[in-house]
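Heavy atoms only: backbone and side chains are in, while hydrogens, waters and symmetry mates are out.
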Amino acid sequence: MDSVRGYPLLVVIDPEARSTDGEAVRIAKDVLCAGAGAKICLPEGPEEFARMLARRGQRRPVVIGDDRALLRVVGLLHKERELAGVPLSMVPVGLPAAVALSRTLGIPTDTVAAARAVLDGGERPMDLLTDDSDGIVLGSLRIPGGSEATGAGRGVSVPQQSSAVAAADPADPLAARGGPVAAVSGHHPWWKPYARTARTALSLLGAPAAGRWAAPRSGDGGRTGARRTRVPGQRLRIEADGVLLADLDRPVRGVSVMPGGRPGTAAPGAGSGGELAEVIVHWPGGARPVRTRARAVTVSGADFHYRADALVGGPVRTRTWTVQPGAWRLQLPRG
């Protein structure tokens, strides 16, 4: 099915969108209701959101909200193993950082254009990544090198997404390069900073000197108490389809994995990557990154966090992500 005009819609309006830009929500609702029979749903929380989606019947779901709302719908349908059979539509409403994933996937960020794409656009099969905990990645997976997620936040209520969800680290050098990363704010328990400090101290005490600390500065003569500089990077073993890209003897600054096309060509997840994901390993010091394409990527090492779209998960010691080609369908503008 291409155009949805004349077909019933289930329009789910995320509460965050209503509070962020009520005028954009009103415009999107008016355009959709003028072009198709629409049932408007105003869930107040994740549980009600899931209940409304489960009772959609033959109606096609349309999400009005930010990236977290899209991830919630995809996660719920993936959990119920219904994702492949339910075309999704999206009208992004939120701050630019909160709809970065939607923009990367090719969804218009203009409210009227996005609503018209829902009515008159075409379905496009999209790739995604699944991990061994049944989590999902739609646009971009990034593993920060040499830094951990700061604090625990609310994140998105996506079932089985990860063992922990934390706020994205705005100081992360990989995040500064752009991509579908949205800040996730939330409550930070008072004990978290102290626990993080203790955990870092223990990891430093238990780590070998080589690789954790650089040699004393020239002129120090190796005397006791000489200032030592922290070597950037994180020791990870990275395998792509069984081929070793990085091992524990050389720190990495970060890893990025994107399903589908390469950045700057086709939109990630658009099924143009020949059922492969693009894998990039970044090294400290500006060394030339390693690039390859693979169907499965396994990362292992000391406890590490990873950023999956708008979420930060972990810590984990090993995780495998696998490309699922054409696993979901998204309504996008024609052409």
Go through the side-chain N and O atoms of R142 and Y306 and say whether any donor and acceptor fall under 3.5 Å apart.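 Looking only at side-chain atoms, Y306 and R142 do not form any donor-acceptor pair under 3.5 Å.
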Show your working on side-chain contact (heavy atoms from CB on, under 4.5 Å) between V62 and V12 and close with a plain yes or no. CA-CA 6 Å; V62 180; V12 183; over 6 Å; no
### Message
Working note: R72 + D14, criterion salt bridge (charged side-chain N to carboxylate O under 4.0 Å, His left out); need CA distance, chi angles, decisive distance, verdict.
### Response
CA-CA 10 Å; R72 184 178 295 119; D14 187 69; 3.3 Å; yes
Counting C-beta onward and ignoring hydrogens, is there a side-chain heavy-atom pair between [X] and [Y] closer than 4.5 Å?
X	Y	value
T130	V137	no
S133	R319	yes
S256	H282	yes
V74	I136	yes
L129	D131	no
V312	R307	yes
I280	V255	no
L119	V31	yes

Closest approach of [X] and [Y], non-hydrogen atoms and distance?
X	Y	answer
D67	A100	OD2-N, 3.0 Å
E275	P325	CG-CB, 3.5 Å
W328	L128	CD1-CD2, 3.6 Å
P92	A114	CD-CB, 3.8 Å
L276	V323	C-CG2, 4.0 Å
A277	V257	CB-CG1, 3.9 Å

Backbone N/O of [Y] and side chain of [X]: donor-acceptor pair under 3.5 Å:
X	Y	result
R235	L248	yes
Q331	G121	yes
D309	S140	yes
D66	V93	no
D241	A296	yes

Residues passing the side chain to side chain contact (heavy atoms under 4.5 Å, CB included) test with R56, sequence neighbours excluded, are L10, L53, P61, L77, E82, V86
- Item | side chain to side chain contact (heavy atoms under 4.5 Å, CB included) partners for P87, two or more places apart |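 Expected list: R60, E123, R329.
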* Less than 4.0 Å between a side-chain N and a carboxylate O, is that true for K79 and D134? -> no
### Message
So that I can tick it off, tell me whether D303 and R317 are bridged by a salt bridge, with the cut-off set at under 4.0 angstrom between side-chain N and carboxylate O.
### Response
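Answer for the salt bridge query: yes.
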Starting at [atom1] of [X], measure out to [atom2] of [Y] and round the result to the nearest 0.5 Å.
X	Y	atom1	atom2	value
L138	D127	CG	CG	11.0 Å
W321	T298	CH2	OG1	8.5 Å
L95	D21	CG	CG	9.0 Å
D249	R237	CG	CZ	10.0 Å
L32	I64	CG	CD1	5.5 Å
L76	L83	CG	CG	10.5 Å

- L70 and M90: side-chain contact (heavy atoms from CB on, under 4.5 Å), yes or no, with the steps? CA-CA 7 Å; L70 175 62; M90 173 79 171; 4.0 Å; yes
- With R55, the side-chain contact (heavy atoms from CB on, under 4.5 Å) member among R51, R59, M52: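 One option only clears the test, and that one is R51.
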Next on the checklist: Show, in sequence, the C-alpha distance, side-chain angles and deciding distance for I143 and L236, and conclude whether the side-chain contact (heavy atoms from CB on, under 4.5 Å) test is met.
Outcome noted: CA-CA 10 Å; I143 301 177; L236 298 171; 4.0 Å; yes
Checklist line | Exceeds 12 heavy-atom contacts within 6.0 angstrom, atom CZ of R81 | finding: yes
- Query: So is R250 actually on top of W283's ring, under 6.0 Å and inside 45° of the axis?
  - Reply: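 Judged by the rule, R250 and W283 form a cation-pi pair.
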Give the C-alpha distance, both sets of side-chain angles, the deciding distance and a yes or no for salt bridge (charged side-chain N to carboxylate O under 4.0 Å, His left out) between E44 and R18.
CA-CA 11 Å; E44 294 299 331; R18 303 200 300 267; 3.0 Å; yes
| query | Between I27 and V112, does a side-chain contact (heavy atoms from CB on, under 4.5 Å) hold up when you go through it step by step? | reply | CA-CA 7 Å; I27 293 172; V112 174; 3.8 Å; yes
